[in-house]
Amino acid sequence: MRSLQPVRGTHDILPEQSLRHRHVTETARTIAGQYGYGEVATPIFEFTEVFKRTLGDSSDIVTKEMYTFESRSGEEITLRPEGTAGIVRALISGGLGQHLPLKFFYQGPMFRHERPQKGRLRQFHQFGVELLGVGAPLGDIEVIAMAAQILDALGVADSTTLEINSLGDPQSREAYRDVLLGYLSDLKDKLSEDSRKRLAVNPLRILDSKDEGDRRVVADAPLFSDYLTGEAAEFFSAVTAGLDELGIIYALNPKLVRGLDYYCHTAFEFTTEALGAQGTVLAGGRYDGLVAAMGGAETPGVGWAAGIERLAMLIADAPAPHRPIAVVPVGGGAETAAFNLAQELRRDGFTVDIGYGGNLSRRMKRANKLRARLAVILGEDEIRAGTVTVRDLDTGEQEEVALRGLRDHLAPWR
RNA sequence: GCGGGUGUAGCUCAGUCGGUUAGAGCGCCAGAUUGUGGAUCUGGAGGCCGUGGGUUCAAUCCCCAUCACUCGCCCCA
């Protein structure tokens with residue numbers, strides 16, 4: 001039976017769920033459009049090197065979560081685990097650096113070979129934005145404001161909180177890293193096994209640990225904010241001042257660290273309590289060094305990505321689809337006329353459903369189940385009289401309407 | 001990748017201290033109602049009891065493995 005199961009961590013998205021996803025993406029798409037961002041679609045796979053270079057060889061995504069395979073011609077290919085790498089690659093390979101600043105959004109599937117949980121899938125979907133070529137704090141502010149507006153429009157603003165931190169510039173980061181390393185090395189015995197490993201690979205991550213013992217050690221650790229260079233500190237306060245100006249509420253979280261190596265300066269996360277262990281619903285930050293690291297010209301960038309499944313779980317309900325009008329033939333003789341009528345109404349812009357068989361009772365049942373607003377009943381009597389019977393399925397009232405005037409009669413429900 | 005929990009009808013779940021034909025509600029199909037849906041009543045279909053192996057006279061039940069889901073960790077959207 002194994003071959004008839006979906007691959008672990010993948011899901012079929014059926015119409016009901018699809019509506020929720022679409023509500024999320026359409027809302028985000030509309031708002032991103034209002035900010036002047038244009039949609040881009042990069043391939044869902046790239047040469048493995050693209051991700052290795054952007055994400056950093058030591059990141060978890062690269063070391064253990066990528067879907068990597070060899071193509072028939074022997075190329076190393078990877079299903080994209082996130083969206084930024086592909087866009088930066090497109091920027092470079094397409095010579096888009098000529099047109100900076102670039103304002104892009106994207107939407108689509110991402111792949112990570114992780115152990116699935118609620119809100120964590122192996123194929124999942126993200127909506128993200130990237131602002132390339134803007135090094136000023138205004139870029140960070142705009143992008144965060146857009147995120148806040150989207151979450152608000154989705155009705156989840158109340159159930160999420162924005163946390164924000166500065167990772168400084170490379171100089172700040174290096175200085176702080178040394179200090180932190182010194183502090184933590186002295187207390188090595190008190191750290192969890194995981195964190196002792198992190199000491200060598202990515203000590204900043206220890207700040208984020210959920211282990212009780214680690215938290216106690218970290219509580220008294222030197223703060224990153226004390227080691228920001230003047231420039232970096234100024235940048236960050238410009239960002240927070242801009243958010244204040246817009247009335248965007250946030251919490252400073254000096255322990256907030258991002259997993260991907262390329263982030264600098266602003267890092268932020270919108271999180272929720274409602275999703276269990278997977279609390280992050282939208283996250284991003286600034287990545288000024290990334291384009292250059294990939295071989296392009298020095299280009300600042302800032303952006304974020306949101307988990308569509310996670311947002312879809314958080315929203316109350318997607319707006320119900322437009323209620324159809326059911327065309328119901330009575331008896332075999334009316335079948336063709338009814339089908340033609342349905343087609344005519346569809347061409348006129350109505351949402352029309354017509355059953356594929358069964359008697360009147362059966363078809364009415366079906367109309368009811370489809371939440372049809374009206375039934376347009378067409379039998380031999382009506383055909384003779386040049387009319388149809390229009391039944392209001394909410395009130396149960398029905399009347400005869402001349403075929404000629406049907407379109408106008410139905411107009412309110414188009 | 002590590003640790004815990006759970007897999008019985010399309011869905012939600014009973015159940016068998018190992019013993020003939022495995023149940024309910026909802027949903028589905030049909031009829032009551034061959035020109036009228038929602039409500040009601042009647043009937044019906046639908047189960048390799050996740051999969052494979054083991055123990056046993058006998059396994060849906062016990063044991064092992066495996067797959068999937070789920071909770072937590074790691075990490076992240």
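Below, each value reflects all heavy atoms present in this structure, side chains not excepted, and no hydrogens, waters or symmetry copies.
- Side-chain to base pairing of A/Arg8 with B/rC67: no donor and acceptor N or O lie closer than 3.5 Å to each other.
- Here the straight-line distance linking atom CD of A/Gln107 with atom OG1 of A/Thr25 works out to 5.0 Å at 0.5 Å rounding.
- Residue contacts for A/Ala367: at a heavy-atom cut-off of 4.0 Å it reaches no nucleic acid atom on any strand shown.
- When the side-chain nitrogen and oxygen atoms of A/Lys369 are compared with OP1 and OP2 of B/rC28, one or more of them lie within a distance under 4.0 Å.
- Comparing A/Gly379 and A/Asn359, the nucleotide of RNA chain B nearest to each residue sits closer to the 5' end for A/Asn359.
- Separation of the P atoms belonging to B/rC49 and B/rG31 is 32 Å when rounded to the nearest angstrom.
- A distance of about 13 Å separates the P atoms of B/rU51 and B/rG10, rounded to the whole Å.
- You'll find that the side chain of A/Glu114 is closest to B/rC75, out of B/rC76, B/rC75, B/rG35.
- Rounding to the nearest 0.5 angstrom, the gap separating the CG atom in A/Leu79 from the CZ atom in A/Phe51 is 8.0 Å.
- Taking only distance into account, the side chain of A/Arg115 never meets the base of B/rG72 through a donor-acceptor pair shorter than 3.5 Å.
- Atom name C1', nucleotides B/rU70 and B/rC57: the rounded distance is 38 Å, in whole Å.
- For B/rG44, the paired nucleotide is B/rC28, the pair qualifying as Watson-Crick or G-U wobble because both relevant distances are below 3.5 Å.
- Between the A/Arg20 side chain and the A/Ile315 main chain, a donor and an acceptor come within less than 3.5 Å of each other.
- B/rA22 and B/rG47 have their C1' atoms separated by 8 Å, with the value rounded to a whole Å.
- Of the two residues near RNA chain B, A/Lys118 and A/Phe270, the one whose nearest nucleotide lies more 5' is A/Lys118.
- Look at A/Ser361 and you'll find a side-chain N or O under 4.0 angstrom from OP1 or OP2 of B/rG37.
- When ring centroids are compared, A/Tyr37 and A/Phe104 stay outside the 6.0 Å threshold.
- If you check B/rA39 for Watson-Crick or wobble pairing at under 3.5 angstrom, you find it has no partner at all.
- Using a 4.0 Å heavy-atom distance criterion, A/Gly119 is classed as a base contact.
- Here the straight-line distance linking atom CG of A/Leu228 with atom OG of A/Ser172 works out to 5.0 Å at 0.5 Å rounding.
- B/rG37 atom C1' lies 7 Å from atom CZ of A/Arg391, rounded to whole Å.
- Checking B/rC75, B/rG37, B/rG3 against every side-chain atom of A/Arg120, the shortest atom distance belongs to B/rC75.
- Between B/rC71 and B/rC62, the two P atoms lie 24 Å apart (nearest whole Å).
- Annotation: B/rU8 and B/rC48 have their P atoms spaced 11 Å apart (nearest Å).
- In this structure, A/Glu82 places its CD atom 14 Å from C1' of B/rC75, rounding to the nearest Å.
- Between the CG atom of A/Asp12 and the P atom of B/rG10 there is a distance of 16 Å, rounded to whole Å.
- By the 30° and 60° cut-offs, the orientation of the rings of A/His409 relative to A/Trp413 is tilted.
- As judged by a 4.0 angstrom heavy-atom cut-off over every strand, A/Gly396 is placed among the base-contacting residues.
- Between A/Glu309 atom CD and B/rU70 atom C1' there is a gap of 17 Å when expressed in whole angstrom units.
- The base of B/rC73 is paired with the side chain of A/Gln117 by a donor and an acceptor separated by under 3.5 Å.
- Distance CG (A/Leu370) to P (B/rU36): 20 Å, rounded to an integer number of Å.
- Within 3.5 Å, a donor on the side chain of A/Asn368 pairs with an acceptor on the base of B/rG37, or the reverse.
- Residue A/Arg362 has a polar side-chain atom (N or O) positioned under 4.0 Å from OP1 or OP2 of B/rA30.
- Across all strands shown, B/rG72 forms a Watson-Crick or G-U wobble pair with B/rC2, both key distances being under 3.5 Å.
- Straight-line distance from the NZ atom of A/Lys365 to the P atom of B/rG37: 7 Å, rounded to whole Å.
- Using a 4.0 Å heavy-atom distance criterion, A/Leu121 is classed as a base contact.
- Between the side chain of A/Arg366 and the base of B/rG37, no donor-acceptor pair of N or O atoms lies under 3.5 Å.
- Pairing of B/rG7, defined by two Watson-Crick or G-U wobble distances under 3.5 Å, is identified with B/rC67.
- Heavy atoms of A/Ile377 sit under 4.0 angstrom from at least one base atom.
- Nucleotide B/rU56 has no partner under the Watson-Crick or G-U criteria, as no pair reaches both atom distances under 3.5 Å.
- Atom CZ in A/Phe268 sits about 11 Å away from atom P in B/rA77, given to the nearest Å.
- Across every strand in view, B/rC61 sits unpaired, with no contact that passes the Watson-Crick or G-U test at under 3.5 angstrom.
- Looking only at atom types and distance, the side chain of A/Gln398 has no donor-acceptor partner in the side chain of A/Thr389 under 3.5 Å away.
- Comparing the C1' positions of B/rC75 and B/rG23 gives an interatomic distance of 44 Å, to the nearest angstrom.
- Comparing B/rA65 with B/rG25, their P atoms sit 39 Å apart, to the nearest whole Å.
- Note on ring orientation: taking the six-membered ring where Trp is involved, the planes of A/Tyr176 and A/Tyr227 are tilted (angle from 30° to 60°).
- Under the Watson-Crick or G-U wobble criterion, with both distances below 3.5 Å, B/rA22 is left unpaired in every strand shown.
- Nucleic acid contact class of A/Gly9 (heavy atoms, under 4.0 Å, all strands): sugar-phosphate only.
- The salt bridge (Lys or Arg N to Asp or Glu O under 4.0 Å) with A/Glu46 is formed by just one residue from the set A/Arg53, A/Arg89, A/Arg80; it is A/Arg89.
- As a whole-Å value, the separation of A/Ile325 CD1 from B/rG37 P is 20 Å.
- Residue-to-nucleotide contacts include a donor-acceptor pair under 3.5 Å from the side chain of A/Glu382 to the base of B/rG35.
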